Structures are given as C-alpha cells and as structure tokens.
Chemist: 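Sending over a structure as structure tokens; questions will come in a sec.
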Amino acid sequence: QVQLVESGGGLVQAGGSLRLSCVASGRTFSWYTMGWFRQAPGKEREFVPVISWSGGSTYYADSVKGRFTIARDNAKNTVYLQMNSLQPEDTAVYYCAFRRDYGLFLDAREYEYWGQGTQVTVSS
C-alpha cells in the first residue's frame with residue numbers, strides 16, 4: 001500500500017502563486033511515476049502534469065504549460081507542483097497520483113494510488 005498526502009492549497013488572487021506538495025509513504029521503495037490531476041465542480045478529473053521516476057521527463061497539459069512546474073525529490077518521497085500566474089479557471093481540487101512504473105501517464109485510470117486532494121481557489 002502507498003499513502004499520498006497533499007498540502008499547500010489555499011485561496012489566492014489571480015496572478016498569484018502556490019506550491020503544492022505531495023508526500024508518499026508506505027511501499028515506495030522502488031521506482032514510480034507521479035502525476036497531478038485536478039477536478040472542478042461539475043467537471044471531470046483532468047490531467048495537469050506528470051513526472052517520471054528520475055525527474056528527467058515531464059509532460060504538461062496545454063492549459064498549464066509555461067505556468068506550472070512539476071518537480072520531485074526522491075530522497076524525501078515528495079513531488080511538488082509550483083503554480084504561477086494562477087487564473088480563476090485553475091480553481092479545483094488538486095490530487096496527486098502514483099503509478100509504479102517508469103513512463104509518463106496522462107490517463108487517471110492508469111494510476112494506482114491517490115491522495116485526498118487539496119483545494120485551490122483563485123479569485124478574480
């Protein structure tokens with residue numbers, strides 16, 4: 001089993017920044033891919049970015065490219081999401097997700113474990 005705990009959400013004005021963190025614990029002793037997803041009220045969960053085990057490969061949704069940055073610290077079992085130039089349309093619950101694999105995965109159905117989510121609200 002793997003447990004994921006997100007933190008760092010909150011309320012911010014448009015144009016502001018937030019940094020989300022996700023700490024993995026449990027059976028994290030081998031390589032794994034980490035992704036961030038978000039879900040706004042009345043909408044489906046959508047992919048945000050993903051990062052490979054080494055951190056050398058990343059992929060971003062077009063909607064956040066150039067504004068968000070994903071990074072990881074494997075020594076701390078932690079993945080980060082730096083969010084800059086936030087806009088009201090970024091308002092959602094943000095979830096981190098874990099898949100024991102090397103590649104990049106954009107489909108939420110491919111992930112094995114999920115955090116409980118952290119709310120991000122961007123006011124205009």
Side-chain angles (χ1 to χ4, degrees):
Q1 287 286 347
V2 172
Q3 295 78 43
L4 303 174
V5 179
E6 301 101 333
S7 62
L11 173 64
V12 65
Q13 289 187 334
S17 298
L18 284 174
R19 188 176 83 152
L20 306 183
S21 299
C22 173
V23 179
S25 61
R27 298 177 65 83
T28 60
F29 49 82
S30 61
W31 29 261
Y32 53 93
T33 291
M34 294 292 292
W36 285 95
F37 291 77
R38 65 187 181 185
Q39 188 166 18
K43 295 188 177 181
E44 293 186 354
R45 189 167 299 191
E46 66 171 351
F47 164 77
V48 186
V50 59
I51 188 167
S52 63
W53 162 245
S54 69
S57 296
T58 58
Y59 190 85
Y60 294 84
D62 288 343
S63 59
V64 306
K65 201 173 296 183
R67 301 188 298 124
F68 290 13
T69 302
I70 189 171
R72 67 189 295 165
D73 183 340
N74 288 341
K76 297 181 179 179
N77 288 329
T78 301
V79 63
Y80 304 96
L81 182 63
Q82 177 67 43
M83 306 186 295
N84 298 329
S85 302
L86 283 161
Q87 299 301 317
E89 52 266 35
D90 295 316
T91 295
V93 177
Y94 283 70
Y95 299 89
C96 64
F98 172 111
R99 177 184 168 98
R100 200 176 302 281
D101 213 314
Y102 286 109
L104 301 178
F105 302 90
L106 281 60
D107 190 335
R109 295 170 294 182
E110 296 180 295
Y111 286 83
E112 303 165 74
Y113 300 100
W114 291 83
Q116 81 289 350
T118 185
Q119 177 70 47
V120 171
T121 303
V122 184
S123 63
S124 57

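All of these numbers come straight from a predicted model, not from anything done at the bench.
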Chemist: Heavy-atom count check: over 12 atoms from other residues, nucleotides or ligands less than 6.0 Å from Tyr59 OH?
Modeler: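 No, not enclosed.
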Chemist: Nearest 0.5 Å, what's the CG-OG1 distance between Leu81 and Thr69?
Modeler: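 With rounding to 0.5 Å, CG (Leu81) is 8.0 Å from OG1 (Thr69).
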Chemist: Can Thr121 and Gln119 be counted as having a side-chain donor-acceptor contact under 3.5 angstrom?
Modeler: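 Yes, Gln119 and Thr121 have a side-chain donor paired with an acceptor closer than 3.5 Å.
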Chemist: Quick check for you: to the nearest 0.5 Å, what is the distance between Lys76 atom NZ and Asn74 atom CG?
Modeler: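 Spacing of NZ (Lys76) from CG (Asn74) equals 12.0 Å.
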Chemist: Could you state the interatomic distance from CZ (Arg109) to CG (Leu106), rounded to the nearest 0.5 Å?
Modeler: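 Atom-to-atom, Arg109:CZ and Leu106:CG are 12.0 Å apart.
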Chemist: Indicate whether the side chain of Tyr102 and that of Trp31 have a donor and an acceptor atom separated by less than 3.5 Å.
Modeler: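 On atom types as modelled, these side chains qualify, holding a pair under 3.5 Å.
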Chemist: Ring centroids only, cut at 6.0 angstrom: are Phe47 and Trp36 within range, meaning strictly under it?
Modeler: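 Centroid distance Phe47-Trp36: not below 6.0 Å, so no.
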Chemist: If you count every heavy atom of other residues, nucleotides or ligands that lies below 6.0 Å from Lys43 atom NZ, does the total exceed 12?
Modeler: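 Open: at most 12 neighbouring heavy atoms sit under 6.0 Å from NZ of Lys43.
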Chemist: Using ring centroids (six-membered ring only for Trp), state whether Tyr32 and Phe98 fall under 6.0 Å.
Modeler: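 Centroid separation for Phe98 and Tyr32: below 6.0 Å.
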Chemist: For the atom pair CZ (Arg67) and OG (Ser85), what is the distance rounded to the nearest 0.5 Å?
Modeler: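 Rounded to the nearest 0.5 Å, the CZ-OG separation comes to 7.0 Å.
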Chemist: Locate the shortest heavy-atom distance separating Arg38 from Phe68; write the atom from each residue and the value.
Modeler: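 Looking at all heavy atoms of both residues, the closest pair is NH1-CE2, 4.1 Å.
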Chemist: Excluding sequence neighbours, so at least two apart, what forms side-chain contact (heavy atoms from CB on, under 4.5 Å) with Ser123?
Modeler: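 Result, side-chain contact (heavy atoms from CB on, under 4.5 Å) vs Ser123: Leu11, Gln13.
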Chemist: With Asp73, which residues qualify under salt bridge (Lys or Arg N to Asp or Glu O under 4.0 Å), at least two apart?
Modeler: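 None.
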